[in-house]
Amino acid sequence: MVSTKELFDILLEEFGPQNWWPGDSDFEIMVGAILTQNVNWSNVEKALDNMKKADSLNLEAVCEMEDEQLEALVRPTGFYRQKAARLKRLSRVILEKGGIKYFLKEDDLRELLLDVKGIGPETADSIALYAARIPTFVVDAYTKRIVERFYGYRGNYDDIKDFFQNSLPKDVDIYNEYHALLVKLGKTYCKKTDPRCGECPISYHCSY
DNA sequence: GGCCAGGTGTAAA
DNA sequence: TTTACACATGGC
């Protein structure tokens with residue numbers, strides 16, 4: 001059985017550093033984390049671009065903007081009414097905590113995020129890891145699918161999260177790169193349907 | 001045209 | 001505790 005550390009080395013060798021999370025600011029990372037919920041990243045880029053052009057990709061603008069206006073900007077990401085509301089809820093909490101810098105330094109950041117309606121474990125972990133740089137492993141649909149196929153192990157969010165955290169150093173840079181590499185592997189060779197197993201770099205060790 | 005994409009909340013079985 | 005469904009746009 002290939003260890004999680006060995007798997008990481010194989011993926012890094014195969015794909016190289018992914019340089020995640022794309023974004024010019026912590027706020028953009030947080031917005032992207034919500035907008036990418038169950039949606040292709042290319043759609044998120046359109047929405048982020050809309051917000052930048054409207055000079056609205058900042059905390060104050062999101063808090064003050066009309067709901068309908070924000071909905072129009074994030075429309076390309078689908079579920080746009082829900083997502084606009086989620087962005088507003090998060091932004092207001094951040095403002096209450098004194099701004100982005102202070103919010104990201106809260107000791108119980110993950111819990112604060114999970115208390116925001118519309119932010120679940122993956123979005124909370126993405127923000128904690130990529131914006132606050134807290135060592136917490138992010139589990140997404142690709143991660144679950146790859147672990148299920150590769151290791152034959154099926155578990156809930158926290159099971160998979162522990163699976164990695166209990167077998168790796170608690171290190172922000174490793175968690176960062178590992179999640180990005182799993183997404184890269186998933187997109188390239190381990191899609192839900194029509195996986196390209198024949199070309200997959202880890203197929204030799206895979207139970208699928 | 002049908003399926004999928006870097007989820008979450010709610011309600012029923 | 002698990003499963004089903006709504007939420008919605010855009011690419012292939």
Side-chain angles (χ1 to χ4, degrees), chain A residues 7-8 11-12 15-23 26-51 67-91 93 110-132 134 136-150 153-161 163-164 172 174-197:
Chain A
L7 177 57
F8 177 75
L11 295 177
L12 188 58
F15 297 116
Q18 301 298 302
N19 299 311
W20 273 29
W21 186 292
D26 289 337
F27 189 69
E28 181 171 346
I29 290 171
M30 293 192 271
V31 171
I34 286 175
L35 294 183
T36 196
Q37 291 171 346
N38 204 44
V39 156
N40 193 303
W41 183 257
S42 63
N43 289 37
V44 177
E45 289 179 324
K46 298 178 199 301
L48 290 174
D49 198 44
N50 287 344
M51 292 181 73
D67 291 354
E68 293 73 17
Q69 197 179 346
L70 185 56
E71 288 170 5
L73 294 175
V74 304
R75 188 174 178 132
T77 65
F79 313 127
Y80 60 89
R81 275 184 278 266
Q82 288 191 358
K83 286 179 178 176
R86 290 169 187 186
L87 289 177
K88 288 216 144 198
R89 279 187 223 116
L90 173 62
S91 295
V93 171
R110 189 171 189 274
E111 306 311 314
L112 284 176
L113 288 165
L114 289 174
D115 283 342
V116 179
K117 186 177 170 187
I119 293 185
E122 185 186 336
T123 307
D125 281 333
S126 295
I127 292 173
L129 178 63
Y130 290 102
I134 292 169
T136 187
F137 202 91
V138 179
V139 177
D140 67 349
Y142 288 121
T143 309
K144 288 177 186 163
R145 186 187 312 146
I146 290 166
V147 167
E148 184 171 341
R149 290 179 180 174
F150 188 71
Y153 176 60
R154 183 173 190 147
N156 63 30
Y157 188 94
D158 288 324
D159 293 334
I160 306 288
K161 182 182 178 72
F163 177 79
F164 283 98
V172 171
I174 291 176
Y175 290 179
N176 174 325
E177 194 64 52
Y178 213 143
H179 172 55
L181 286 167
L182 287 172
V183 172
K184 178 70 174 179
L185 174 69
K187 283 179 172 172
T188 313
Y189 299 108
C190 202
K191 295 174 97 59
K192 192 170 182 178
T193 58
D194 301 324
R196 297 164 57 194
C197 296

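All figures in this text were calculated on a predicted structure; none of them were measured in a lab. Just so it is clear: chains get the letters A, B, ... in the order the sequence lines come, proteins before strands, and each one is counted from 1.
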Original post:
By salt bridge (charged side-chain N to carboxylate O under 4.0 Å, His left out), which residues pair with A/Asp158, not counting sequence neighbours?
Top reply: none
Subject >> Residues A/Thr136 and A/Asp125: side-chain donor-acceptor under 3.5 angstrom >> reply: yes
**OP:** Report the relative orientation of the aromatic rings in A/Phe137 and A/Phe164; use parallel for angles under 30°, tilted for 30 to 60°, perpendicular for over 60°.
**Re:** parallel
**OP:** Find the distance A/Ile127:CD1 to B/dG7:C1' and express it as a whole number of Å.
**Re:** 13 Å
Original post:
When rounded to the nearest 0.5 angstrom, what distance separates NZ in A/Lys184 from CG in A/Leu12?
Top reply: 13.0 Å
**OP:** Output yes when a side-chain donor or acceptor of A/Thr123 lies under 3.5 Å from a complementary backbone atom of A/Ile119, and no otherwise.
**Re:** no
Subject >> Contact state string [nucleotides 8-13 of chain B, B base, S sugar-phosphate only, - no protein heavy atom under 4.0 Å] >> reply: SSS---
**OP:** Take the protein atom CG of A/Asn40 and the nucleotide atom P of B/dA5, then report the distance between them rounded to whole Å.
**Re:** 9 Å
Original post:
So with a 6.0 Å cut-off around CZ of A/Arg154, is the heavy-atom count from everything else above 12?
Top reply: no
Original post:
Is the closest side-chain heavy-atom distance between A/Lys117 and A/Arg86 below 4.5 Å?
Top reply: no
Original post:
Relative to each other, are the rings of A/Phe15 and A/Tyr189 parallel, tilted or perpendicular (30° and 60° limits)?
Top reply: tilted
Original post:
How many angstroms lie between atom CZ of A/Phe163 and atom OG1 of A/Thr143, to the nearest 0.5 angstrom?
Top reply: 11.5 Å
**OP:** Can you sort out which residues in residues 137-150 of chain A have a heavy atom within less than 4.0 Å of DNA chain B? Ascending by number, please.
**Re:** A/Asp140, A/Ala141, A/Tyr142, A/Arg145
**OP:** Anything under 4.0 Å to a heavy atom of chain A counts; send over the first and last such nucleotide of DNA chain C, read 5' to 3'.
**Re:** C/dC7 to C/dG11
Original post:
Distance between the P atoms of B/dG1 and C/dA8, in whole angstroms?
Top reply: 22 Å
**OP:** Applying salt bridge (charged side-chain N to carboxylate O under 4.0 Å, His left out), name anything that partners A/Asp49, two or more places apart in sequence or on another chain.
**Re:** A/Lys53
Original post:
Are any side-chain N or O atoms of A/Gln18 and backbone N or O atoms of A/Gly16, one a donor and one an acceptor, separated by less than 3.5 Å?
Top reply: yes
**OP:** State, yes or no, whether a side-chain contact exists between A/Leu48 and A/Glu28 at a heavy-atom distance under 4.5 Å.
**Re:** yes
Original post:
Pick the nucleotide of DNA chain C nearest each of A/Arg154 and A/Tyr80; which residue has the one closer to the 5' end?
Top reply: A/Arg154
Subject >> Residues in contact with DNA chain C, drawn from residues 183-194 of chain A - heavy-atom cutoff 4.0 Å >> reply: none
Original post:
Given the rule in the side-chain contact (heavy atoms from CB on, under 4.5 Å) test, do A/Thr188 and A/Arg196 qualify, once you have shown the distances and angles that lead to the verdict?
Top reply: CA-CA 8 Å; A/Thr188 313; A/Arg196 297 164 57 194; 4.0 Å; yes
Original post:
Distance between the P atoms of B/dG6 and C/dA6, in whole angstroms?
Top reply: 23 Å
